[in-house]
Amino acid sequence: MTRPPDLAWASAAQRRRFMAAARRVERRLEAVASAVPGDMGAAAQSTLRAGGKRLRPFLVLLCCRCDRRLPPQAVKAAAAVELLHMATLVHDDVLD
C-alpha cells in the first residue's frame, strides 16, 4: 500500500489509529484475494499486488468518528469498497 494522502491530523494518536486501520484493511484484502481459487483468485491477487493509493477504503475510514477507536465494521466496509472496485477492474480487463 502506498502512503495515504497528507492530511491535517487532529493528533498523532488519530493518525496512528487510521494508519493501523489502513493496515488491517490491506491484510483483509490479501486474505480475501488469496482465498479465491482459480483464475479469478489469480486476477484478484494480481490486481491487489498492483498497489494503488487505496483512496476508496481510506475515505470509508475517514467517515468514522475520529475521537475514538475505529470499529471493526469500518475495516470490513473499507475492504468491501476496495474489493468492489477491484472486481470492476478485473471485469473490465476480462472484457477488453
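Excluded from the calculations below are hydrogen atoms, water molecules and symmetry mates; all remaining heavy atoms, backbone and side chain alike, are included.
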Salt bridge (Lys or Arg N to Asp or Glu O under 4.0 Å) pairs, two or more places apart, involving residues 74-85 |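 Listed once each, the pairs are Arg54-Glu82.
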Please collect all salt bridge (Lys or Arg N to Asp or Glu O under 4.0 Å) contacts where either partner lies in residues 41-50, sequence neighbours excluded, each pair once.
->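 As it turns out, there is no salt bridge (Lys or Arg N to Asp or Glu O under 4.0 Å) pair with a partner in residues 41-50 once direct neighbours are skipped.
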Rounded to the nearest 0.5 Å, how far does [atom2] of [Y] lie from [atom1] of [X]?
| X | Y | atom1 | atom2 | value |
| --- | --- | --- | --- | --- |
| Glu26 | Leu48 | CD | CG | 5.5 Å |
| Leu62 | Leu55 | CG | CG | 9.0 Å |
| Gln45 | Met86 | CD | CE | 9.0 Å |

Which pairs would a plain distance check flag for residues 30-43, meaning a side-chain donor or acceptor within less than 3.5 Å of a matching protein atom at least two apart in sequence or in another chain?
residue: Ser34; atom: OG; partner: Glu30; partner atom: O; Å: 3.0
residue: Ser34; atom: OG; partner: Ala31; partner atom: O; Å: 3.1

Taking C-beta and beyond as the side chain, do Leu83 and Leu29 meet within less than 4.5 Å on heavy atoms?
->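 Leu83 vs Leu29: side chains touch.
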Sequence neighbours left out, what passes side-chain contact (heavy atoms from CB on, under 4.5 Å) with [X]? Give chain and number order.
| X | value |
| --- | --- |
| Ala80 | none |
| Ala20 | Arg23, Arg24 |
| Ala74 | Leu61, Cys64, Pro71 |

Check Ala78 against Val25 and note the closest heavy-atom contact, atom names and distance.
->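 Reported closest heavy-atom pair: CB-CG2, 3.7 Å.
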Can you get from Phe18 to Val60 by hopping between Ile, Leu, Val, Met, Phe, Trp and Tyr side chains that sit under 4.5 Å apart?
->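 No, Phe18 does not connect to Val60 through the hydrophobic network.
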